[in-house]
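Values in this document were obtained by computation on a predicted structure and should not be read as measured data.
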Amino acid sequence: MVVGDIATGTDVLVIGAGPGGYVAAIRAAQLDLDVTLVEKDAYGGTCLNHGCIPSKALVSATDVAHEAREAEHMGVHADPAIDMAGMTAWKDGVVDQLTTGVERLCKGNGVNLVDGTAEFADENTARVAHGGEGQGSESIEFEHAVVATGSRPVELPALPFDGDLILSSRHALALESVPDELLVVGAGYIGMELATVFAKAGSDVTVVEALDQALPGYEADVTRVVTQRAKSLGVDFHFEEAAADWEEREEGLTVVTEGEDGTVSEYEATKALVAVGREPVTDTVDLDAAGVETDENGFVPTDDRARTNVDHVFAVGDVAGEPMLAHEGMKAGEVAAEVIAGEPAALDQQAIPAAVFTDPEIGTVGLTESEAEDAGFSPVVGELPLRASGRALTHDDTDGFVRIVADETDGFVLGAQIVSPEASELIAEVGLAIEMGATLEDLVATVHTHPTLSEAVMEAAANAMGQAIHTLNR
Ligand code: FAD
Ligand code: NAD
C-alpha cells in the first residue's frame, strides 16, 4: 500500500462501468456479494456515451428528416432542415438519461461506486487513483475482480486523430455542424452506419475501404442491399483502397489512398472519419501485476465462464475480444457475476445476434448456409423477398429479404440473415428459436400478427418447408 492510501476491501472489484462492467456489478450485488465498481470516465462506457446509443440517436433523427424529405409520392410534402447542434443536444439528453439511470441502478442495487482509475497492484489488490489534482487514491483488496475496461478506436499511424480534421467515431458523434464533404475510412460497422447518418444529414460522403466489399464478414448479397441503398443516398464507394496519408488544405484535407496494385488516389474532404476497428484497453489497468495474460492482439483470453488465466480474475466485454458487441458484454458480465457467486453459469448461448443499423438494417444470428455446411449440417434455406411483404410495402421499404437456415434432417433452425427495416428487432425471434431448439415447423405454426414485418420470418420458414403462401416455393 502507498503511504496515504485509504484501504478498503470488497468481494468483487469491477473495473470499468460499460455494459460489461455495470451488468456484472449489478448482478453480483443482486447475488448478495459486496461489490465495488470503479469507473474513470462516465457510467455506461463507450456504449452509452460514445457508441451504440449516440449513434442510434443520430440514425433515428436523420431518418426522420430523410423519410419526410422523400415522402412526396406518399402525399407528404415537407422540407426538413437539419440543425446539427440541436440534434446533438437532443442526443446528449438521451445519453444523460441513460447514464444517470445506470448510476441509479447501481446504487439502488447496493453497488459501491468509486470514481477513478483502477490499476492492479498484485493478485488481490488494486490501487484507484481518483481523478484530478489532490483527489488522492485508495487501495482496494478484492476476492474476485472483473476486468471490463473495454476498447478504443484503432488509430492509423498515417492518419492520427486530431478531433478537427481527422475524427474518430467519438468525435463524429459530437459534431455541431454537418461537414460539407465527409471522407469515411473503413466500411465496417461504424463506417457504414455513420456514412448513412451523414449522407442523410446532407454531407457529400465518400467511403474508402481496403477490402472488396462493405461490412466484410457478412455475405455479399446481404451487404449488396445496404451498399446500393447508401449509393442511392449519394455515398461514393471506393473499394480495395487503403488510406495511406493525408495533407491539410485551406478548408479541410486531402486523404491519399493506395490500391492493391499500387495505384494512388486522392480525395478532398472537409473532414475524415477513420473507423478501421477497435483495440482493447489494457494499458490503464496493469494486468501484469495481477498475472493476467493477453493474446498477441492485446485481448484477454477467457474461458466459457469469463475467467482469465488467473482463477479469481474475470474479463468481460470488448477487452475479452470478439464479438465486440454490447449485448455480448452484458451477457458475459452476468455470467462472471453468477460464477463468482458460485452458481453453475456459463457462456453457453447457442448463438449471439448482430445488427447493423444501416438503411435498411441488417440482422443476423447463428449460421449462414455455407457455415452450416462446413459444420456438417445438411442445410435447407427459405427466403422471403421483402417486396412480398405487405407491411414492407406500407413502409415504402421493400429492398431486402428474410432468410432462414435450418437443418433439413430434423428442421432445427440454425440461423437467419435479415436485411429489412427493423431487422435488428426481427432477428430476436430467430435467436429465441435457435436458443430453444425450435424447428421450422414451430416458426410456421406460430401465428404472427398481420400486417407485420415479422410475418416474413414465418413465411421464410414456410418457404424452407415448401409451404410458403406469399412467395413461390423453391
Ligand atoms: P466499454 O463500453 O468501452 O466500457 C469500458 C469502461 O471502462 C469505460 O467507461 C472506461 O472509461 C472504463 N475504464 C477503462 N479502464 C479503466 C480503469 N483502469 N479504471 C476504471 N475504469 C476504466 N455494440 C452493439 O452491440 N450495438 C451497437 O449498435 C453498437 N454501436 C456502436 C457504435 C459505435 C460508434 C461504437 C464505437 C461502438 C458500438 N458498439 C455497439 C460496441 C459497444 O459500444 C461495445 O461493444 C461496448 O461498449 C463494450 O462494452 P464494455 O463494457 O466492454 O466496454
Ligand atoms: P470494423 O472492423 O467493423 O470495420 C473496419 C473496416 O475498416 C474493415 O472493413 C477494414 O477492412 C477497413 N480498413 C482497415 N484499415 C483500413 C485502411 N487503412 N483504409 C481503408 N479501410 C481500412 O470496425 P469499426 O467499424 O471501427 O467498428 C469497430 C467495432 O465496433 C465493430 O467490430 C463492432 O464490434 C463494434 N460496433 C458495432 C456496431 C453494431 O453492433 N451495430 C456498430 C458500431 C460498432
Side-chain angles (χ1 to χ4, degrees), residues 215 217-226 228-229 348-474:
L215 294 161
Y218 284 91
E219 292 166 294
D221 64 345
V222 168
T223 64
R224 197 175 304 125
V225 180
V226 295
Q228 278 306 333
R229 180 69 65 86
D348 58 0
Q349 284 70 40
Q350 298 301 303
I352 294 169
V356 195
F357 295 79
T358 39
D359 183 357
E361 293 181 353
I362 297 172
T364 60
V365 67
L367 303 179
T368 63
E369 182 178 9
S370 66
E371 287 167 348
E373 268 164 19
D374 293 347
F377 294 102
S378 307
V380 58
V381 173
E383 215 169 277
L384 186 89
L386 274 205
R387 60 178 181 281
S389 154
R391 188 64 180 126
L393 273 158
T394 64
H395 271 298
D396 193 37
D397 208 347
T398 54
D399 294 337
F401 53 84
V402 174
R403 180 158 64 221
I404 304 277
V405 180
D407 186 32
E408 191 162 34
T409 324
D410 47 28
F412 283 122
V413 178
L414 301 173
Q417 298 82 43
I418 302 182
V419 190
S420 90
E422 311 293 349
S424 57
E425 305 284 348
L426 296 182
I427 203 66
E429 177 179 358
V430 189
L432 180 66
I434 295 173
E435 197 59 44
M436 294 188 67
T439 61
L440 289 171
E441 211 174 333
D442 294 320
L443 286 181
V444 175
T446 305
V447 180
H448 288 65
T449 318
H450 179 74
T452 59
L453 293 169
S454 69
E455 286 172 296
V457 173
M458 174 182 69
E459 284 280 319
N463 181 244
M465 297 177 76
Q467 297 175 9
I469 303 294
H470 296 96
T471 188
L472 291 177
N473 288 300
R474 303 165 164 220

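- The heavy-atom pair separating Val226 from Pro360 by the smallest distance is CG1-O, 3.1 Å.
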Checklist line | side-chain contact (heavy atoms from CB on, under 4.5 Å) between Phe377 and Leu367, intermediate numbers included | finding: CA-CA 10 Å; Phe377 294 102; Leu367 303 179; 3.8 Å; yes
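- Atom CD1 of Ile362 is separated from atom CD1 of Ile427 by 11.0 Å, given to the nearest 0.5 angstrom.
- Residue Arg387 holds its CZ atom at 7.5 Å from OG1 of Thr471, rounded to the nearest 0.5 Å.
- In plain terms, the two heavy atoms of Asn473 and Ala462 that are nearest each other are OD1-O, 4.1 Å.
- To the nearest 0.5 angstrom, Ile469 atom CD1 is 9.0 Å from Met458 atom CE.
- Looking at Asp407, its side chain does come within 3.5 Å of a backbone N or O of Ser378 through a donor-acceptor pair.
- Partner of Tyr218 under the side chain to side chain contact (heavy atoms under 4.5 Å, CB included) criterion, out of Thr364, Thr368, Val419: Thr364 alone.
- For the pair Val365 and Glu435, the minimum side-chain heavy-atom distance is 4.5 Å or more.
- Glu459 places a side-chain N or O within 3.5 Å of a backbone atom of His470 that can act as its donor or acceptor partner.
- Across every non-hydrogen atom of Met465 and Glu441, the tightest pair is SD-N, 3.8 Å.
- In this structure a side-chain-to-backbone donor-acceptor pair under 3.5 Å is present from Glu455 to Thr452.
- Counting only distance, with no hydrogens or angles, the side chain of Asn463 and the backbone of Ala468 share no donor-acceptor pair below 3.5 Å.
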**Q.** Verdict with reasoning, Asp359 to Asp397, per side-chain contact (heavy atoms from CB on, under 4.5 Å)
**A.** CA-CA 10 Å; Asp359 183 357; Asp397 208 347; 4.2 Å; yes
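- The CD atom of Glu425 lies 10.5 Å from the CG atom of Leu453; values are rounded to the nearest 0.5 Å.
- The side-chain hydrogen bond (donor to acceptor under 3.5 Å, both in side chains) pairs that include a residue from residues 410-423 are Arg403-Gln417, where partners are two or more places apart or lie in different chains.
- For the pair Leu386 and Pro421, the tightest heavy-atom approach, listed with the atom from each and the gap, is CD1-CD, 3.5 Å.
- For the atom pair CG (Asp399) and CD (Gln228), the distance works out to 9.0 Å, reported to the nearest 0.5 Å.
- With hydrogens and angles disregarded, no donor-acceptor distance shorter than 3.5 Å links the side chain of Gln350 to the backbone of Ile434.
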side-chain contact (heavy atoms from CB on, under 4.5 Å), that's the test. Do Glu429 and Val413 meet it? Break it down for me. CA-CA 11 Å; Glu429 177 179 358; Val413 178; over 6 Å; no
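- Contact between Gly363 and Ala423 at its shortest, heavy atoms only, is N-CB, 3.5 Å.
- Scanning all heavy atoms of the two residues, the minimum distance from Ala416 to Val430 falls at CB-CG1, 3.5 Å.
- The CD atom of Glu369 lies 11.0 Å from the CG atom of Asp374; values are rounded to the nearest 0.5 Å.
- By the side chain to side chain donor-acceptor pair (under 3.5 Å) test, Thr394 is found to be paired with Arg391, residues two or more places apart in sequence or in another chain being considered.
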